[in-house]
Number of protein chains: 2
Amino acid sequence: MEINKVTIHDIAKALNIDSSTVSRALNNSSRVTEKTKCKIVEKAQELGYQRNVVASNLRKRVTNIIGVVVPRISRHFFSSVIQGIEETAYLAGYNVLICQSLEQLEREKQIIDTLVANRVDGVLISISMETTDYSHLQQLNSSGVPLVFFDRHCNIPNTNNVLIDDFKGGFVATQHLIKSGCKNVVHFSGPQTLEIYKNRFKGYKAALKKNNLPFNEQLVVSSSLMEDDGVKNAKKLLSKNLNFDGIFSANDVAAIGAMKYFASKGIKIPEDIAIVGFSNEPISTVINPALTTIDQPGFEMGKKATGLLLEHIKKQSRSLRPQTIVMESNLIERQSSKK
Amino acid sequence: MEINKVTIHDIAKALNIDSSTVSRALNNSSRVTEKTKCKIVEKAQELGYQRNVVASNLRKRVTNIIGVVVPRISRHFFSSVIQGIEETAYLAGYNVLICQSLEQLEREKQIIDTLVANRVDGVLISISMETTDYSHLQQLNSSGVPLVFFDRHCNIPNTNNVLIDDFKGGFVATQHLIKSGCKNVVHFSGPQTLEIYKNRFKGYKAALKKNNLPFNEQLVVSSSLMEDDGVKNAKKLLSKNLNFDGIFSANDVAAIGAMKYFASKGIKIPEDIAIVGFSNEPISTVINPALTTIDQPGFEMGKKATGLLLEHIKKQSRSLRPQTIVMESNLIERQSSKK
DNA sequence: CTGTTAGCGCTTTCAT
DNA sequence: ATGAAAGCGCTAACAG
């Protein structure tokens, strides 16, 4: 900001024409002669004119900015989603304002406020784990700002969601462990306030049931999505001397902590303890190239969510119904595990 | 956008006062009675007023937005920097507009243009590997937009930079390998258009020299920062039947690819081939809990760079001289490697 | 095809 | 302490 005081009026004056013509020319309107258009563009360059989008936005009542809210930018899953979002938005001429809730409801509320104040054209959000009261989102939604939830969905009716089939993922993961010979599968769960973790848990239980294995509450350990939790959990499991031979982790971060701890104790994965869990490149495959995972397609999810949002932004009429897109997340048994 | 047409005029009208008083009250000016202030705030809430920051920005000639340009959001180092940036900016009342150049100069130029057009209050940038012509940045700088380069610095005189001591890092890493008994240390280099990779390379050569080891050009393999390059490099090294026992990687992404490939061939790290490289949590420690790395403090760098930028934004006078901050990056020999 | 005229919603002198 | 008035820089009717 500051300096660069060149406006369309300056270039209008220099050319003895009206600023509205300049505006039209610079917006490549068909209602300006090629010739004058050239003159104007030339003069603009000469004077070092740089469009003031803020003024334009105020007048046009759009911003070409979409707000993105994630719990934590540096979690790899979210940063790949953001990458997908940015690429799609960029191609459509939109910018992205990125905010993180740090899993705190209060912060999420305030973020929504400033997003509205900044008049973003739409919002993509993965809610915080504290978010059980949806009023701020409901308000946003009913105030006409296009809104798409991704990964962690929201129970408000008539909203757009882009999700992974978590029940299926949990089921398939557990099933895989059982088929590999595990009899006592531990479940690393996530915050049960969030649907996605509830559903993964349900999938786990369903798989046990299908295989006539008992559900043992002691084998379920929860975490709040920090790596340290995983370390603690692993310690607890070993110290309790529980009988377990496999882990289904709904929560990649905790799984990483646990794996590190196991490694430091000389416990081999998957030979001693088999682990299958939701995961994201590159952590999962890297921690153990032979690891089997349920892959979460973050990049694709970002692209899809943004595509959906842009559709809603463009036809701001109510003609578009809200929809829920469920993406596939496949069990990946790495090649290298054949070794 | 749309709907919510409540403006300060509406609430002024409802209260039979002037909109300027409303504006003052809402900005908590001391020149309004407590009493009327209360009335106004109350009415605002009642009508569901939501400040239009776009209009405010136009008038005030600031945006409270800082632009961030990184090569690729999903690279862990950059996502941790961004996390630091966002947290610092948030606390100071700023939002962040995040853009990725995808290592392309053309894209970087266009991003700078839209950032200027959007009148961001300042810019944080890590230049693309194609950026050898700095004219667009020079222009930005001289047009008075506060600018801070981080990680990958820029050769324009009189600019702000927040960097890591790359020469030292390269030196220390190579030294460590040599001390561990390596006689033939390979160097995975990065694009030599970037200072940081040049400096790491220099550090490598300096360490060889200091230890009276010959420099062998054949042992230097370059990459363009993609994981696939690492796989290719590893293959090439093995197929050439070169005699090498250690790798200093200036480039974590390529190192990961290589490590995966080595793992698939049953080659053990660090027993068969020792690797030390610039890295970022969690990849490095996870790929091999015993791995020794040169840690890059992304989060701290983000905080520091943003702090510096904010200083320059606040005193927009020329009173502040540009400065270069060099951060420490330490060699981390993991505990678990003692096992 | 181009000019005239009003604003978008807010802030900020300058009066009172 | 409040009001009146003038824009920030741009766009969009409406004329001509």
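All of these numbers come straight from a predicted model, not from anything done at the bench.
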Original post:
Are B/S56 and C/dT11 close enough that a side-chain N or O sits under 4.0 Å from OP1 or OP2?
Top reply: yes
**OP:** Provide, to the nearest angstrom, the distance between the CG atom belonging to A/N16 and the P atom belonging to C/dT4.
**Re:** 11 Å
Subject >> Candidates D/dT11, D/dT2, C/dG3 - which lies nearest the side chain of A/I17 >> reply: C/dG3
Using a cut-off of under 3.5 Å, enumerate the N/O to N/O pairs linking the protein to nucleotides 4-6 of chain D.
residue	atom	partner	partner atom	Å
D/dA4	OP2	B/D18	OD1	3.2

**OP:** Check whether any side-chain heavy atom of B/N57 sits under 4.5 Å from a side-chain heavy atom of B/I65, and report yes or no.
**Re:** no
Original post:
How is A/S23 classified with respect to the nucleic acid when contacts are heavy atoms under 4.0 Å: base, sugar-phosphate, or nothing?
Top reply: base
**OP:** Begin from the C-alpha positions of B/Y134 and B/N155 and carry the test side-chain contact (heavy atoms from CB on, under 4.5 Å) through to its verdict.
**Re:** CA-CA 8 Å; B/Y134 299 139; B/N155 267 337; 3.8 Å; yes
**OP:** In whole angstrom, give the distance that lies between atom NZ of B/K37 and atom P of D/dT2.
**Re:** 10 Å
Original post:
Of the non-hydrogen atoms in A/M301 and A/L163, which two are nearest, and what is the gap between them?
Top reply: CE-C, 3.9 Å
Original post:
What integer distance in Å separates A/H9:NE2 from D/dC8:P?
Top reply: 8 Å
Original post:
For the side chain of A/R61, counting heavy atoms from C-beta on, which of D/dC8, D/dT11, C/dG9 is nearest?
Top reply: C/dG9
Original post:
Should we say atom CD of A/Q323 is surrounded by more than 12 heavy atoms from elsewhere, each under 6.0 Å from it?
Top reply: yes
**OP:** Take atom CG of A/L15 and atom C1' of C/dG3, then tell me their distance rounded to the nearest Å.
**Re:** 15 Å
**OP:** By nearest nucleotide on DNA chain D, pick out whichever of B/A55 and B/R31 is the more 5' one.
**Re:** B/R31
Subject >> Under-4.0 Å side-chain N/O to phosphate OP1/OP2 contact, A/N27 with D/dT11 >> reply: yes
Original post:
Just how far, in rounded Å, is P of D/dG9 from CG of B/N52?
Top reply: 17 Å
Original post:
When the distance from CD of B/Q50 to C1' of C/dG9 is rounded to whole Å, what number comes out?
Top reply: 14 Å
**OP:** May I have the distance from A/L26 (atom CG) to D/dA12 (atom P), rounded to whole angstrom?
**Re:** 14 Å
Original post:
Quick check: does any side chain N or O of B/E103 sit under 3.5 Å from a backbone N or O of B/M129, one acting as donor and the other as acceptor?
Top reply: yes
Original post:
Any side-chain heavy atom of A/N95 sitting closer than 4.5 Å to one from B/T114?
Top reply: yes
Subject >> N/O (side chain, B/T33) to phosphate O (OP1/OP2, D/dT2) under 4.0 Å >> reply: yes
**OP:** Verify the neighbour count for atom CD of B/Q110: are there more than 12 heavy atoms of other residues, nucleotides or ligands below 6.0 Å?
**Re:** no
**OP:** With axes from five pairs an end, tell me the bend angle of the helix from C/dC1-D/dG16 to C/dT16-D/dA1, nearest 10°.
**Re:** 30°
**OP:** Keeping the roles fixed (side chain from B/D121, backbone from B/N64), state whether a donor-acceptor pair exists under 3.5 Å.
**Re:** yes
Subject >> Face-on cation placement of A/R72 at A/F77 ring, 6.0 Å and 45° thresholds >> reply: no
Original post:
Taking atom P of C/dC8 as reference, at what distance in whole Å does atom CG of A/N57 sit?
Top reply: 16 Å
